[in-house]
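Step one of this worksheet: look at the structure below.
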Amino acid sequence: MSANSAFNDEKGGSSSVGEPEYGHDPASGGIFSSDYKRHDDLKEMLDSNKDSLKLEAMKRIVAMIARGKNTSDLFPAVVKNVACKNIEVKKLVYVYLVRYAEEQQDLALLSISTFQRGLKDPNQLIRASALRVLSSIRVTIIVPIMMLAIKEAASDMSPYVRKTAAHAIPKLYSLDPEQKDQLIEVIEKLLADKTTLVAGSVVMAFEEVCPERIDLIHKNYRKLCNLLIDVEEWGQVVIINMLTRYARTQFLNPNMNESLLEEGSDKTFYGSDEDEDEEEEEEKDKKAEAPAMAKRKPYVMDPDHRLLLRNTKPLLQSRNAAVVMAVAQLYFHLAPKAEVGVIAKALVRLLRSHSEVQYVVLQNVATMSIKRRGMFEPYLKSFYIRSTDPTQIKVLKLEVLTNLANETNISTILREFQTYIKSMDKDFVAATIQAIGRCATNIGEVRDTCLNGLVQLLSNRDELVVAESVVVIKKLLQMQPEKHSDIIKHMAKLTDNIQVPMARASILWLIGEYCEHVPKIAPDVLRKMAKSFTNEEDIVKLQIINLAAKLYLTNSKQTKLLTQYVLNLAKYDQNYDIRDRARFIRQLIVPTEKSGALSKYAKKLFLALKPAPVLESPFKDRDHFQLGSLSHLLNAKAGGYQELPDWPEAAPDPSVRNVEVKDSVPEWTKCSSREKRKEKKVEKPFYSDSEGESGPTESADSESDSASGSESGSGIEESGSGSESEESEEGSESEEEEEEEKEKDKKKKKKELKKPVQESESEQSSEEEERKHERKSKQRKSESESESDEEEDSESESSQTESEDSESEAEVKKKKKAAESKPPSKPVKKDNKKEKKEMSLLDLDDFEPAPSPQATPVNSFLSNSLATDLEGLSLSDAVLSPATISPSSALKSYEMLHRITGEGLSVEYCFSRQPFSPDANMVAVQMQFTNNATSDTKNLHMEDVKLQSGMRVKEFPEIELLPAGEMVTAVMGIDFCDSTQAANFQLCTHTRKFFVSIQPPVGELMRPVFLTENEFKKEQGQLMGMNEITEKITLDVKCRNEHSIVQRVITAANLSRVPCGSDKECRFAGRTVTSSSLVLVTVATKEEGAAKLTINCEKMVIGTMLVKDILLALTQ
Amino acid sequence: MIHSLFLINASGDIFLEKHWKSVVSRSVCDYFFEAQERATEPENVPPVIPTPHHYLISVLRHRIYFVAVIQSEVPPLFVIEFLHRVVDTFQDYFGVCTEAAIKDNVVVVYELLEEMLDNGFPLATESNILKELIKPPTILRTMVNTITGSTNVGEQLPTGQLSVVPWRRTGVKYTNNEAYFDVVEEIDAIIDKSGSTITAEIQGVIDACVKLTGMPDLTLSFMNPRLLDDVSFHPCVRFKRWEAERILSFIPPDGNFRLLSYHVSSQNLVAIPVYIKHNITFREGSSQGRFDLTLGPKQTMGKAVESVLVSSQLPRGVLNANLNPSQGTYTFDPVTKMLSWDVGKINPQKLPSLKGTMSLQAGASKPDENPTINIQLKIQQMAISGLKVNRLDMYGEKYKPFKGIKYMTKAGKFQVRT
């Protein structure tokens, strides 16, 4: 023990040697030993029974930590106190533990059990702080414990604990990045949280762990927008920055039209120069056609885009500079040009703040003012410089003023600059001179005035000022040298006095370049320079050589010897650059036998007209970095910087929008029975502990199902700590989960798991009972709060319910890895189109009777749709042979690409209802391409397929040529995984790409099966209860006979008729394509058009959607 | 986000360090010291310094550098704003934010920093919540604590973090219920040589000190809200109400807080309360310069101009100044060349003046820069923009509070060029 502590002391000693203010001289044993003793008495105090002594010891230890001293040798003594009753001692122990746990991993493990106990404390704040400390201990061994704790806390009923869980996620991720996948699941869950407390923290976790998973945001986008104003300010910054990136991927550029114009002007500027470019340009033109079309229809902003802009605007009034900046950058990157102006006022306000804030804000303003000058023009005077500003602020303000200068305000700006030149701060004066130079180049009218002013500065006493002026004048003169030979003469005189190398070099270059304008002076300057050559700086020497060379070429009589002399001096210079230059120039200008060819052109080489330099702002093009970011400030990519994506392709991007729409629309149009169930869910917050309410309505069976159904549940149950709140949460969804249970064939597992759950329940039930009361009362409170919020903003209300829906949806989806819902309203809308399309489809079939390669009548009992049609026509009402019952009307066809958006190419698709031979689990989709354009379309193929997880696509073979006016059909297969999620992909031609999507109605997700009546009844008997959905309907007047019922049902869904003895009943059977779950439909007719529709299906979701579809088919 | 924090004093000692993630060696501050050396003035140290593995973001307050160590991309303002919030909290807790105060209360500082950041992400920055968690040290409490061994850490777990109004704690009780509002306006101006105004604007704040029992809901309305051009609010203010009715409606935090800061629209002409007649000349060849300054009131609406302080940075060539003030005292620091003249109250009958000579370096040529003059002043009982509070109402509680409103005008960045 003593050896050990001595060793530690040594470590402590060595680590503090570097800091003389605290260090102990290791040589002086006295101090060393007293230090050793002091630690000893600290240990004693920590071991004592008195809290006051412990506290005193801990305070001294913390003070040592704060000063950066090593106290790791006290670790065992401190850790013992982790369970101390005194709160302050406990807190200080936590501080110590978090600091040293990484170094003393084994000992740190001793404390873990305390925190694990804390995680189950009935007090939410203790639970939270236990999780906080536990997750801060950087010991890899406890990763699984942390993971478990986070998962558990993520579904805690207290939003504060959930917030802490969100905070813990990046900690665990940095400790063990391999946990990423699991953590993403937790993030997904927490993103769905509706409390403002959690929102900021979870988005922060999202940004640190998986910023690339932008898809997780879709469902939560509107909710985040609406919550934003109530989130705490730090969270607001993170959310706004993330939403900026999100919006850049999802919406269209609101300034599209303007940018197009700019592009156009660019083209005329660069174009016509080279012949090669023309081909490119043609292509460009074609590409530009689509946006041009978009221009014709005026740009309409996506309502979600508008929502974001509207909800962030009030935050410009925040007292927190970071929030204001975040909103400002959001507006700069996302808002239409006309609206960006609102941020200027807020940014100018920030200039009143601390100088560090000013520094950052000015950097951003400088970047913005290049792109959007008009925005800051009204605030020009706010950027005037005060003598008390720090230099770095002055220089930035100068930058902004220069950017804002234009014809109208240049005179006032120059007057300001004049006073700045008299400043005592010489760095600032130099910057001002540069700024004047830039104003002069940008604004032609004031060029002469500026030049005169600068020439006056040449007589300034401060050499730095003069030097800077010379450099700037040189640049200005290059633009129109003829006029200013007197200035050049004046500058030639300066060479006697001015010592700053850069300035001397500039003068020499000027004289050399324009030696024709000063033919008498130039040789003389060279003479002087030759004299002082050896004492000059390198850049000056190089310019002397240049000057000599140029003079030799123009005036060799006078300067030949001088040049020789200079070159000889340079030949033996110490600097190799200078030696090289001398050698190179000698070869060029002095003709010898060897260097024949080039020396002829020496004059051309040296005295070519040089383009004037463009004086550019250093902030130009910095806006490719997200404004307000560290990377923007440094103008270099910082670690972890997320690139701000470009706006999506100019063409409207319906597939991405569809995702947005789908989030909300399907939920509105749920069938009534489903809606009722939904409502029940909405009423209780998802962390509610309302088992008592929901219990009675559910069968005992479903309860156990739900417990084992959740994936997080299984993990928790193993540890024997399944929390009830989680169960009840799942309980509300048990209906959906039940089917999924069967689907996954988890029955075995279920039995195994049942036992531990019940055990843990009984253990906890008494504690839980007490907690429940607490929770309920709190929830009611929070509910009422949220209600009042909703009243305030009706919009937020609607979107909240939306998000709630989509949230529960999300949870179902997460588990199923496939989605289910489908807006039944869509097919209805499309029904109108259908009639038109039918004709064309028939035409097509006439034209090309066997469109799909796999449509061989041998392996299908339906040959093709035309044949089906004929069959349907030939069928008499009486004879209904089950084998041939099939869609008796033509297939519905849907539009994939309209002829206008497709630039002449139109695509329609229908579900051909034939087995897709390459893969039985796929739904065959038959596509019909029509080329309405005047030119041929080549290389039609698909690319970049975006699918929900589990879905697969078999692409159609590439169509090499589609001549103008022709039609072609192709078949592709899609495995929709029994969900109505759209398959999104790009349809590519040789010139263009179109985003398209295919979304199946639920009826197309099944294939017909043949069952006998007995089989049907037997199967139906097994699919009772939860799996049966019954609706009472009133049949449409036109569809009261059996034949029309059959026809309509079969049109709506790909089912086959089951023979039946009774003529009052029609039965249909099918299986879903992917999972082969049975779908049984019964329509029992009664008097007066009343009927009962029964659907039995083990996939609940499919069942509910199918009810809706068939209902529509039969009643309209 | 924020990895570590180092506190560095004016002489370059690191006197406190705190790490929220893995420990970052304090040698990272060497890059900061390098930048500090390069900068001529303390405030010229760049706020953001990139180093090979980290980024240092620093603020300078009360001659202490607060240096945060960052490892990856984070909005710099986020860190800067947070650091300022830390300083504000320290000031709130200890009265002053000096090295001595921080060293004396190092445990409280550590506890505060622990609560304010979790894994580098701000957790509780609202002073009301923090005060519930950690009680600020007072002399009485320190004494009691040493005797009884009780602690500064709140025994009760704070509920503020959980409430809908995180800025206000529940169960507040006062015997005297009072609410005070200070309307303070500052004039920022640049006046040119000839006395004409180049730019002038008014920035104002309303600071409040509210000591009210329970959960009061206050509304404050102005006679002339149109004056307010650009505003920023404490999070407690209901923005929608302001947008619609131009009324400040809020549940106030307990204690001192800044309710509102505003900018008066630039269309309004700004009244400049004082004028300066100045004559500062250096003659070529002689080693003497003349200094002549007279102050006078202008557009003060009958109110007295008080606490006037004039300061000016004289050119480097000035060795000494031999001046004669008609009132107040003046000092000249020959090292920094800073001249400051504490005038006090301006008496309109007898205008204060400062006259005399400056001695220049012998043989040096006449300085070609002109000093600028900075002025500080105070005018009580007046808001220079003319802003007036109309009424203050309280809802939600039964008692009658005592209400008070005070107006004051100050010079902000008020500069006269010569």
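Here is how names work: the chains are called A, B, and so on, in the same order as the sequence lines, proteins then strands, and each is numbered from 1.
- A distance of 9.0 Å separates CH2 in A/W234 from CG in B/L117, rounded to the nearest 0.5 Å.
- Of the listed residues (A/T196, A/N320, A/V62), the one with the most heavy-atom contacts under 4.5 Å to chain B is A/N320.
- Taking both residues in full, the closest heavy atoms of A/P170 and B/N119 are given as CB-ND2, 4.0 Å, listed atom of the first, atom of the second, then distance.
- No other option in B/G412, B/P75, B/P122, B/P371 has as many heavy-atom pairs under 4.5 Å with chain A as B/P122.
- The choice from B/R61, B/K193, B/Q71 that makes the most heavy-atom pairs within less than 4.5 Å of chain A is B/R61.
- Using a 4.0 Å cut-off between charged side-chain N and carboxylate O, B/R85 and A/E233 make a salt bridge.
- One N or O on the side chain of A/R386 and one on the backbone of B/K413 form a donor-acceptor pair closer than 3.5 Å.
- For the ring pair (Phe, Tyr, Trp, His ring centres under 6.0 Å) test, residues two or more places apart in sequence or in another chain that qualify with A/H354 are B/H84.
- Minimum interatomic distance between B/E73 and A/S631 (heavy atoms only, all atoms of both residues): OE1-OG, 2.6 Å.
- Heavy-atom distances place both the backbone and the side chain of B/F233 under 4.5 Å from chain A.
- Taking CG of A/L316 as the start and CG of B/D230 as the end, the distance is 8.5 Å to the nearest 0.5 Å.
- Residue A/V357 touches chain B through both its backbone and its side chain, counting heavy-atom pairs closer than 4.5 Å.
- Using a 4.5 Å cut-off between heavy atoms, B/L5 makes no contact with chain A at all.
- The part of A/E208 that comes within reach of chain B is its side chain, from C-beta onward, which places non-hydrogen atoms under 4.5 angstrom from that chain.
- For a residue to count as touching a neighbouring chain, one of its non-hydrogen atoms must lie under 4.5 Å from one of that chain's; by this rule A/A346 touches chain B with the backbone only.
- B/Q313 places no side-chain N or O within 3.5 Å of a backbone atom of A/T388 that could act as its donor or acceptor partner.
- When heavy atoms are compared at a cutoff of 4.5 Å, B/N374 approaches chain A solely by way of its side chain, counted from C-beta outward.
- Judged purely by atom type and a 3.5 angstrom limit, A/R319 has no side-chain atom pairing as donor or acceptor with the backbone of B/P235.
- Heavy atoms closer than 4.5 Å to chain B are found in both the backbone and the side chain of A/M424.
- Here A/K381 does not pair with B/E201 in a salt bridge; the nearest charged N to carboxylate O distance is not below 4.0 Å.
- If you measure heavy-atom distances from B/R258 to chain A, you find no contacts under 4.5 Å at all.
- For the pair A/S318 and B/S232, the tightest heavy-atom approach, listed with the atom from each and the gap, is O-CB, 3.6 Å.
- Atom CD1 of A/I385 and atom CD of B/Q415 lie 11.0 Å apart (nearest 0.5 Å).
- Of the two parts of B/P42, neither the backbone nor the side chain holds a non-hydrogen atom closer than 4.5 Å to a non-hydrogen atom of chain A.
- With a 4.5 Å cut-off on side-chain heavy atoms, A/V238 and B/M1 count as touching.
- For a residue to count as touching a neighbouring chain, one of its non-hydrogen atoms must lie under 4.5 Å from one of that chain's; by this rule B/F239 touches chain A with the side chain only.
- Neither the backbone nor the side chain of A/L380 comes within less than 4.5 Å of any heavy atom in chain B.
- The two residues B/R26 and A/G68 come nearest to each other via the heavy atoms NH2-CA, 3.6 Å.
- Using a 4.5 Å cut-off between heavy atoms, B/Y55 contacts chain A through its side chain alone, with no backbone atom that close.
- More than 12 non-hydrogen atoms from other residues, nucleotides or ligands lie less than 6.0 angstrom from NZ of B/K337.
- From A/Y384, atom OH reaches atom CD1 of B/I190 across 8.5 Å, with rounding to the nearest 0.5 Å.
- By the salt bridge (charged side-chain N to carboxylate O under 4.0 Å, His left out) test, A/K345 pairs with B/D229, sequence neighbours left out.
- Contact record, B/P76 with A/G628: CD-O, 3.1 Å, taken as the closest heavy-atom pair.
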_Test log, rule side-chain contact (heavy atoms from CB on, under 4.5 Å), inputs A/V323 and B/E81_ = CA-CA 10 Å; A/V323 177; B/E81 184 76 23; over 6 Å; no

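- When heavy atoms are compared at a cutoff of 4.5 Å, A/Q392 approaches chain B by way of both its backbone and its side chain.
- Using a 4.5 Å cut-off between heavy atoms, A/Y359 touches chain B through its side chain atoms alone.
- With a 4.5 angstrom heavy-atom cutoff, A/L92 touches chain B only via side-chain atoms.
- Heavy atoms of A/Y420 lying under 4.5 Å from chain B belong exclusively to its side chain.
- Contacts of B/W242 with chain A are absent, with no heavy-atom separation under 4.5 Å from either backbone or side chain.
- With a threshold of 4.5 angstrom between heavy atoms, B/S22 approaches chain A through its backbone and through its side chain.
- Proximity to chain A (any heavy atom under 4.5 Å) is shown, for B/E41, by neither the backbone nor the side chain.
- Only the side chain of A/E416 comes within contact range of chain B, judged by heavy atoms closer than 4.5 Å.
- For chain B, the nearby part of A/K637 is the backbone; its heavy atoms alone come within less than 4.5 Å.
- Atom CD1 of B/I49 sits about 10.5 Å away from atom CG of A/L634, to the nearest 0.5 Å.
- For the side-chain contact (heavy atoms from CB on, under 4.5 Å) with A/E356, the qualifying choice from B/V48, B/L60, B/I57 is B/L60, the only one to do so.
- Residues B/E43 and A/I393 have side chains not in contact (no heavy-atom distance under 4.5 Å, counting atoms from C-beta outward).
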*Report the C-alpha distance between A/R352 and B/H263 in whole Å, list the side-chain angles of each, state the deciding distance to 0.1 Å, and finish with yes or no for side-chain contact (heavy atoms from CB on, under 4.5 Å).*
CA-CA 10 Å; A/R352 285 271 305 165; B/H263 178 262; over 6 Å; no

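- Using a 4.5 Å cut-off between heavy atoms, A/T391 contacts chain B through both its backbone and its side chain.
- What you find for A/Q317 and B/V231 is that their closest heavy atoms are CG-O, 2.7 Å.
- Proximity to chain A involves both the backbone and the side chain of B/I198, based on heavy atoms less than 4.5 angstrom apart.
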*Applying salt bridge (Lys or Arg N to Asp or Glu O under 4.0 Å), run through A/R99 and B/E114 and close with a yes or a no.*
CA-CA 11 Å; A/R99 170 72 179 74; B/E114 188 72 30; over 6 Å; no

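- Note: A/D425 CG to B/N44 CG = 7.5 Å, rounded to the nearest 0.5 Å.
- With a threshold of 4.5 angstrom between heavy atoms, B/V45 approaches chain A through N, CA, C or O but not through any side-chain atom.
- In this structure, chain B has a heavy atom under 4.5 Å from the side chain of A/Q358, while its backbone stays farther away.
- Note: B/K21 leads B/E243, B/H19, B/K21, B/R316 in heavy-atom pairs under 4.5 Å with chain A.
- Heavy atoms closer than 4.5 Å to chain B are found nowhere in A/N364, neither backbone nor side chain.
- At a threshold of 4.5 Å between non-hydrogen side-chain atoms, the residues B/L77 and A/V361 count as touching.
- A salt bridge is absent between B/E111 and A/K59; no separation between the charged side-chain nitrogens and carboxylate oxygens falls under 4.0 Å.
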